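Following: one structure in structure tokens, then a few remarks.
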Amino acid sequence: PKLSNQMFPAYSTLGPFPASTLSFIAVIESENPMNPYVQSWTASVEREIARNTTLEVNYIGTHAVHLLNRRNIAQPYALATADQAFCQHKDANGNYDNLGASPCAPHVADASGNFPRLPYRNFTNFYIDSDFHGYSHYRAVNVKFERRAGDMALTSVYSWANSKDDKSAAAGVGASGTGYQGFMDNHNTNLDYGPSDFDVDQRFVSSFIYNLPIGRGKKIASNVGEVADLAIGGWEVTGIATFQTGFPYGVSASDIGSVQGTVAPRANRVAGCDPIAHLTGQFQRLNLACFSQPLPGTFGNTSRNFLRQPGINNFDMGFAKNFHFTESLNFKLTVDTFNTFNHHQY
């Protein structure tokens, strides 16, 4: 059979490539790459405050700069204040009647044939660019108390921490809730700087092992017989108590008419209204009357991650009985319970 090269077939003419088809472009390598780096500092003090008892205090701080962000540089510029009244006008039925006209609709030309709010008039969807201007801050104070003496071992740790960033996601992903498409306002990414999605500002964990002082050689019933000691001696209690504040979150809204071209709009806060007061529902955690939908062409005034989810209140406990038959023959029966008091963990 006759063989021929079909890898690069010949074209006699090339068809047009209209600019209107340029709807989505992702730039993986930035035209201005920078080297991300992290600065960190620590300080620690440890003291023995009593026999077999120590107290340790640590401070930890980090500052990261030039982190890789993903930003939609084709997002329309914010609507001018002078044009907001035009875009917020309603007809007799209460519907916004100018959202399909320029400058409300950023991809509709004005009377002069211009697109005043588009950075790139031919890109009607997303133009995702890599950007090395992300940054984050973290600081924490850890206090550790430890006692190991006699029949008890106790370790307690309290942490106060604060983690902030302009996004909490992988390098090539946009900010919270935006997928690959950047920030609420890609021309002002500082509006997304706030508590990290994983920020836990307070956490306390305490663990202990306690051999009850009952039985032969103990403070209570030290002279009891061997048979009685099998019943009342050798008891052990263990436990882990965890208390933690919840993760942060915000309240989202809608971009009415896509006037702002944002994928992560946030709600307005009603002045003087406490969002966690007057909760009447059994599982109600937020008073929605404290929030409102921003008007077309405006961003909500709530910040990113300004609220807290319910935290953790948990006890894990264990109970054990040690049987000492001979010096080399022992038997231990253990019962472990998790979330012992059945607290709801939302």
Side-chain angles (χ1 to χ4, degrees), residues 60-65 67 69-72 75 78-79 84 131 133-141 158-170 173-179 181-204 243-256 259-281 283-313 344-346:
I60 303 170
T62 64
H63 173 45
V65 296
L67 303 179
N69 279 340
R70 189 64 65 84
R71 189 164 60 93
N72 175 23
Q75 180 182 349
L79 189 70
Q84 290 181 2
D131 186 301
H133 290 90
Y135 59 103
S136 68
H137 296 89
Y138 176 80
R139 52 182 178 168
V141 175
Y158 170 77
S159 297
W160 174 90
N162 179 257
S163 178
K164 289 186 174 182
D165 54 36
D166 58 355
K167 74 166 189 176
S168 302
V173 180
S176 305
T178 68
Q181 300 165 11
F183 300 83
M184 181 177 74
D185 183 358
N186 287 277
H187 307 295
N188 185 10
T189 59
N190 289 331
L191 294 178
D192 276 73
Y193 181 75
S196 304
D197 295 352
F198 48 81
D199 177 53
V200 174
D201 57 353
Q202 296 189 71
R203 179 176 171 87
F204 175 80
F243 301 91
Q244 174 183 308
T245 54
F247 294 108
Y249 72 101
V251 180
S252 61
S254 299
D255 180 16
I256 299 177
V259 175
Q260 299 290 65
T262 180
V263 295
R266 294 193 286 266
N268 274 334
R269 176 83 173 266
V270 177
C273 186
D274 187 350
I276 58 174
H278 308 294
L279 304 179
T280 57
F283 297 104
Q284 185 180 0
R285 299 288 179 180
L286 195 64
N287 184 0
L288 296 182
C290 293
F291 304 95
S292 63
Q293 167 66 44
L295 294 172
T298 63
F299 291 114
N301 59 20
T302 55
S303 58
R304 169 175 166 254
N305 286 344
F306 72 103
L307 293 170
R308 287 277 171 181
Q309 299 176 22
I312 295 175
N313 178 355
H344 297 295
Q345 311 291 349
Y346 295 105

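Note that the coordinates shown come from a computational prediction; the quantities given were computed from them, not determined experimentally.
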Checklist line | Minimal non-hydrogen separation, Phe306 against Phe291, with atom names | finding: CZ-CE2, 3.5 Å

Check: Hey, does the side chain of Gln244 reach the backbone of Gln202 with a donor-acceptor pair shorter than 3.5 angstrom?
Finding: no

Margin query: Nearest 0.5 angstrom please: Asn186 CG to Leu191 CG, how far?
Written below: 10.5 Å

Next item on the list: Starting at CG of Asn190, measure out to CZ of Phe183 and round the result to the nearest 0.5 Å.
Entry: 9.5 Å

Margin query: What's the separation between atom OG1 in Thr62 and atom CZ in Arg139, rounded to the nearest 0.5 Å?
Written below: 11.5 Å

Note to self: Tell me whether Ser196 contacts the main-chain N or O of Ser163 through its side chain, where contact means a donor paired with an acceptor under 3.5 Å.
What the structure shows: yes

Note to self: For a side-chain contact (heavy atoms from CB on, under 4.5 Å) check, start with the C-alpha distance between Leu307 and Arg285, then their side-chain angles and the critical distance, and finish with the verdict.
What the structure shows: CA-CA 11 Å; Leu307 293 170; Arg285 299 288 179 180; over 6 Å; no

Item checked: Main-chain N/O of Gln260 paired with Gln75 side-chain donor or acceptor, under 3.5 Å -> yes

Notebook entry, point to check: Between atom OG of Ser303 and atom CE of Met184, what is the distance when rounded to the nearest 0.5 Å?
Noted result: 9.5 Å

Check: Going by atom types alone, do Thr262 and Asp255 pair a side-chain donor with an acceptor below 3.5 Å?
Finding: no

Next item on the list: Apply salt bridge (charged side-chain N to carboxylate O under 4.0 Å, His left out) to Asp185 and list each qualifying residue two or more places apart in sequence or on a separate chain.
Entry: none

Note to self: side-chain contact (heavy atoms from CB on, under 4.5 Å) for Thr189 and Arg71? Distances and angles first, verdict last.
What the structure shows: CA-CA 9 Å; Thr189 59; Arg71 189 164 60 93; 3.7 Å; yes

Item checked: Pairwise side-chain contact, Gln84 with Thr298, heavy-atom cut-off 4.5 Å (strictly under) -> yes

Next item on the list: Please examine the side chains of Phe247 and Val200, heavy atoms only from C-beta on, and report whether any two atoms are closer than 4.5 Å.
Entry: yes

Under 3.5 Å, which donor-acceptor pairs link side chains of residues 268-278 to any protein atom two or more places apart or in another chain?
| from | atom 1 | to | atom 2 | distance (Å) |
| --- | --- | --- | --- | --- |
| Asn268 | OD1 | Asn301 | N | 2.9 |
| Asp274 | OD1 | Ile276 | N | 3.2 |

Check: Can you name the closest pair of heavy atoms from Pro265 and Ser254 and give their distance?
Finding: CG-C, 3.9 Å

Next item on the list: Go through the steps to decide whether Asn188 and Phe299 satisfy the test side-chain contact (heavy atoms from CB on, under 4.5 Å), and finish with yes or no.
Entry: CA-CA 12 Å; Asn188 185 10; Phe299 291 114; over 6 Å; no

Checklist line | Arg308, CZ: over 12 other non-hydrogen atoms inside 6.0 angstrom | finding: yes

Notebook entry, point to check: Do the ring planes of His137 and His63 sit parallel (below 30°), tilted (30 to 60°) or perpendicular (above 60°)?
Noted result: parallel

Item checked: Minimum-distance pair of heavy atoms, taken over all atoms of Asp197 and Asn305 -> OD1-ND2, 2.8 Å

Item checked: side-chain contact (heavy atoms from CB on, under 4.5 Å) between Phe243 and Ile312, worked out -> CA-CA 5 Å; Phe243 301 91; Ile312 295 175; over 6 Å; no

Item checked: Distance-only polar pair, side chains of Asn69 and Asp166, donor-acceptor under 3.5 Å -> yes

Note to self: I'd like to check Asp201 versus Asn162 (side-chain heavy atoms, cut-off strictly below 4.5 Å). Are they in contact?
What the structure shows: no

Note to self: Whether the side chain of Arg304 engages the backbone of Asp165 through a donor-acceptor N/O pair (distance < 3.5 Å, no angle test) should be reported.
What the structure shows: yes

